[in-house]
Amino acid sequence: MTIAPDPGVLEGLDAWRSLSPVQQPQWPDASALEAVTARLSNLPPLVFAGEADHLRAQLAAAGRGEAFLLQGGDCAETFGEATADNIRNKIKTILQMAVVLTYGASLPVIKMGRMAGQYAKPRSSDSETRDGVTLPAFRGDIINGYEFTPEARTPDPQRLLEAYHTSASTLNLIRAFTTGGFASLLRVHEWNRGFTANPAYSRYEEIAAEIDRAIRFMAACGADFDALRSVDFFSSHEGLLLDYERPLTRIDSRTGLPYDCSGHFVWIGERTRQLDGAHVDYFSRVQNPIGIKLGPTTTGDDALALIDKLNPQGEAGRITFITRMGAGKVRDLLPSLVEKVTADGRPVTWVCDPMHGNGITSASGYKTRRFSDVMDEVAGFFEVHRGLGTVPGGLHIELTGDDVTEVLGGSEEIDDEGLARRYETLVDPRLNHQQSLELAFQVVELLRAA
């Protein structure tokens with residue numbers, strides 16, 4: 001039986017339009033935008049309500065310490081890089097990290113990609129000036145182009161349709177990889193193929209060999225391996241561009257309630273989490289599990305007010321607080337935040353984003369991060385939760401499966417000069433394959449201590 005939505009539910013989904021949403025582009029042609037969003041609203045959903053419900057239950061388990069979230073992927077996806085090789089390498093890297101965490105900490109790992117929708121980026125300024133020429137800022141491939149020309153930088157609604165179709169093809173490939181045998185634990189060695197050999201690679205091979213031995217033992221005992229042949233893999237992105245999220249919101253026929261079907265998990269950024277703002281209002285009205293980025297200015301009262309708005313009934317798994325304090329601040333600022341929320345009693349899942357609070361500019365002018373700062377913030381996150389007796393529920397990482405050189409340090413000791421070798425990101429620097437595995441091995445030790 002199909003349950004029709006309450007008329008008030010549908011009306012509420014458009015309330016954000018009267019709230020002056022921030023971080024939105026200035027579309028030059030309103031009628032062109034309307035035509036595109038009408039087309040999007042009639043296209044099939046990219047994900048399904050039942051999948052989002054399944055993820056919410058898993059995130060609730062992570063909030064209780066019964067699972068751990070690993071969320072990783074590009075700072076900003078681009079249409080041109082949505083190739084089979086790039087998608088496969090990101091999936092392989094996340095699967096490898098998950099194997100390290102699961103095997104090392106004996107904990108189920110929720111696998112989630114910043115993939116199939118991470119095309120929009122908030123910017124500190126609406127415009128960019130070069131050599132006396134001012135043009136709109138690059139806001140991601142879903143809005144405009146990176147090339148510094150008036151034609152490329154003019155927001156183009158047709159890019160929303162391209163984002164939809166690129167996301168659909170990405171999700172199709174993800175599902176093929178994760179359910180068609182590629183992600184089977186019987187093939188853990190194959191996930192290293194194509195990557196450059198390095199110390200982290202070698203250490204991973206040791207774990208793969210141990211898993212092989214364990215599987216051979218279980219096979220000798222007559223075990224059934226069906227559960228090892230596929231994995232759940234969820235998609236996520238920042239729910240920034242409301243002209244994309246709204247037309248992809250669908251009414252669940254089971255309940256009559258709305259779900260944002262652009263991704264399983266969407267998050268509200270540090271720049272868009274205003275309590276009276278359009279983004280908080282909009283995402284309070286959909287049923288997906290929701291993330292909220294919390295930076296160093298966040299108070300405990302801010303966090304409780306966000307729960308009041310987004311999850312007043314305290315449904316487990318609904319809210320994930322993604323903290324991004326910076327390595328030098330996390331030990332000082334996070335405890336009071338966690339204490340206040342914990343005392344409230346409504347459940348949240350705490351996740352660490354150790355990337356966005358640790359940005360620096362290198363001597364040669366590259367926007368980068370130090371791997372040591374990334375690891376220090378993760379360590380501080382675990383220390384705070386261990387000290388308070390609360391649960392460190394996961395990691396939110398910008399990474400790629402490619403051997404780029406965008407983050408300083410790690411065992412390969414990327415230095416300022418080394419950044420120029422393969423600095424490929426258009427926005428924020430990402431951990432490469434080796435640094436991602438190094439992070440996973442170090443997090444295992446923190447999970448064991450926790």
Side-chain angles (χ1 to χ4, degrees), residues 43-44 46-47 70-98 111-121 138-147 152 156 158-184 187 189-198 201 230-238 241 244 248 262-264 355 397-407 420-437:
L43 288 170
L46 290 170
V47 303
L70 175 61
Q71 184 180 9
D74 272 317
C75 159
E77 293 178 286
T78 64
F79 299 152
E81 291 185 354
T83 65
D85 285 348
N86 284 340
I87 294 166
R88 183 183 61 243
N89 285 346
K90 275 184 277 191
I91 292 171
K92 285 200 300 185
T93 300
I94 293 170
L95 290 175
Q96 285 181 312
M97 293 175 73
K111 302 157 198 70
M112 185 189 294
R114 287 173 56 112
M115 299 172 69
Q118 185 56 24
Y119 298 113
K121 292 297 292 182
F138 173 60
R139 289 187 172 275
D141 267 7
I142 194 172
I143 293 168
N144 56 2
Y146 184 73
E147 185 181 350
D156 179 4
Q158 289 297 319
R159 287 176 170 269
L160 277 70
L161 285 172
E162 189 168 359
Y164 170 88
H165 291 299
T166 307
S167 295
S169 61
T170 299
L171 282 166
N172 184 55
L173 201 55
I174 289 172
R175 289 182 173 121
F177 281 142
T178 55
T179 63
F182 177 84
S184 171
R187 301 178 60 180
H189 287 287
E190 295 183 30
W191 300 341
N192 250 347
R193 291 184 182 172
F195 292 135
T196 302
N198 55 58
Y201 177 117
S230 64
V231 299
D232 290 329
F233 195 102
F234 300 99
S235 71
S236 68
H237 61 268
E238 180 176 356
L241 183 56
Y244 182 74
L248 285 174
S262 67
H264 301 109
M355 310 294 289
I397 304 292
E398 290 184 335
L399 60 81
T400 176
D402 302 321
D403 294 311
V404 299
T405 54
E406 298 171 1
V407 172
R421 287 200 305 272
R422 282 195 65 183
Y423 191 98
E424 299 177 2
T425 182
L426 298 185
V427 189
D428 290 341
R430 305 159 294 176
L431 300 182
N432 62 25
H433 172 251
Q434 177 173 335
Q435 290 168 329
S436 299
L437 279 182

Legend entry - OG-CG distance between S262 and L160, expressed to the nearest 0.5 angstrom: 11.0 Å

Inset, instruction - Please check if the side chain of Q434 supplies one atom and the backbone of D403 the other of a donor-acceptor pair under 3.5 Å. - result: no

Legend entry - T166 backbone acceptor or donor facing S169 side chain under 3.5 Å: yes

Legend entry - Shortest non-hydrogen separation from V231 to A183 and the atoms involved: CG2-CB, 3.8 Å

Inset, instruction - For residues A120 and I142, report the shortest heavy-atom separation together with the two atoms involved. - result: CB-CG2, 3.6 Å

Inset, instruction - Please answer whether the main-chain N or O of Q118 pairs with a side-chain N or O of E238 as donor and acceptor at a distance below 3.5 Å. - result: no

Inset, instruction - Kindly say whether D402 contributes a backbone atom to a donor-acceptor pair with the side chain of N89 at under 3.5 angstrom? - result: no

Inset, instruction - Determine whether the aromatic ring centres of Y244 and Y164 lie less than 6.0 Å apart. - result: no

Inset, instruction - Enter the distance from L399:CG to M97:CE here, rounded to the nearest 0.5 Å. - result: 6.0 Å

Inset, instruction - Give, for atom CD1 of I143 and atom OH of Y119, the distance between the pair rounded to the nearest 0.5 Å. - result: 13.5 Å

Inset, instruction - Taking all non-hydrogen atoms of both residues into account, name the closest pair between V404 and E424 and its distance. - result: CG1-OE1, 3.8 Å

Legend entry - F182 side chain reached by K92 side chain, heavy atoms, under 4.5 Å: yes

Inset, instruction - Please report the shortest heavy-atom distance between C75 and V427, naming the atom on each side. - result: SG-CB, 3.5 Å

Legend entry - Residue pair L161, Q158: steps toward the side chain to side chain contact (heavy atoms under 4.5 Å, CB included) verdict: CA-CA 5 Å; L161 285 172; Q158 289 297 319; 3.6 Å; yes

Inset, instruction - Output yes when a side-chain donor or acceptor of T400 lies under 3.5 Å from a complementary backbone atom of N432, and no otherwise. - result: no

Legend entry - Q71 side, atom CD; M115 side, atom CE - distance, nearest 0.5 Å: 12.0 Å

Inset, instruction - Find the distance between OG1 (T178) and CG (D232) and round it off to the nearest 0.5 Å. - result: 8.0 Å

Inset, instruction - Looking only at non-hydrogen atoms, find the nearest pair between L70 and A98 and report the distance. - result: CD2-N, 3.8 Å

Inset, instruction - Would you mind reporting whether E77 and S167 have side-chain heavy atoms less than 4.5 Å apart? - result: no

Inset, instruction - Step by step, work out the side chain to side chain contact (heavy atoms under 4.5 Å, CB included) result for Q96 and S436. - result: CA-CA 9 Å; Q96 285 181 312; S436 299; over 6 Å; no

Inset, instruction - For the pair H433 (side chain) and G401 (backbone), establish whether a donor and an acceptor sit closer than 3.5 Å, ignoring hydrogens and angles. - result: no

Inset, instruction - Could you name each residue pair satisfying salt bridge (Lys or Arg N to Asp or Glu O under 4.0 Å) that touches residues 427-436, not counting sequence neighbours? - result: D74-R430, K367-D428, R369-D428, E406-R430

Legend entry - Gap between atom CD1 of I91 and atom CZ of R88 - 0.5 Å precision: 9.5 Å

Inset, instruction - Please say which of D141, T425, N86 ends up in a side chain to side chain contact (heavy atoms under 4.5 Å, CB included) with T78. - result: D141

Legend entry - F195 side chain reached by T93 side chain, heavy atoms, under 4.5 Å: yes

Inset, instruction - Look only at the side chain of E398 and the backbone of M355, and say whether a donor-acceptor pair between them is shorter than 3.5 Å. - result: no

Inset, instruction - Step by step, work out the side chain to side chain contact (heavy atoms under 4.5 Å, CB included) result for I94 and F233. - result: CA-CA 10 Å; I94 293 170; F233 195 102; 3.9 Å; yes

Inset, instruction - Check for a donor-acceptor pair, side chain of N144 on one end and backbone N or O of A152 on the other, with a separation under 3.5 Å. - result: no

Legend entry - Donor-acceptor under 3.5 Å (T405 side chain, R422 main chain): yes

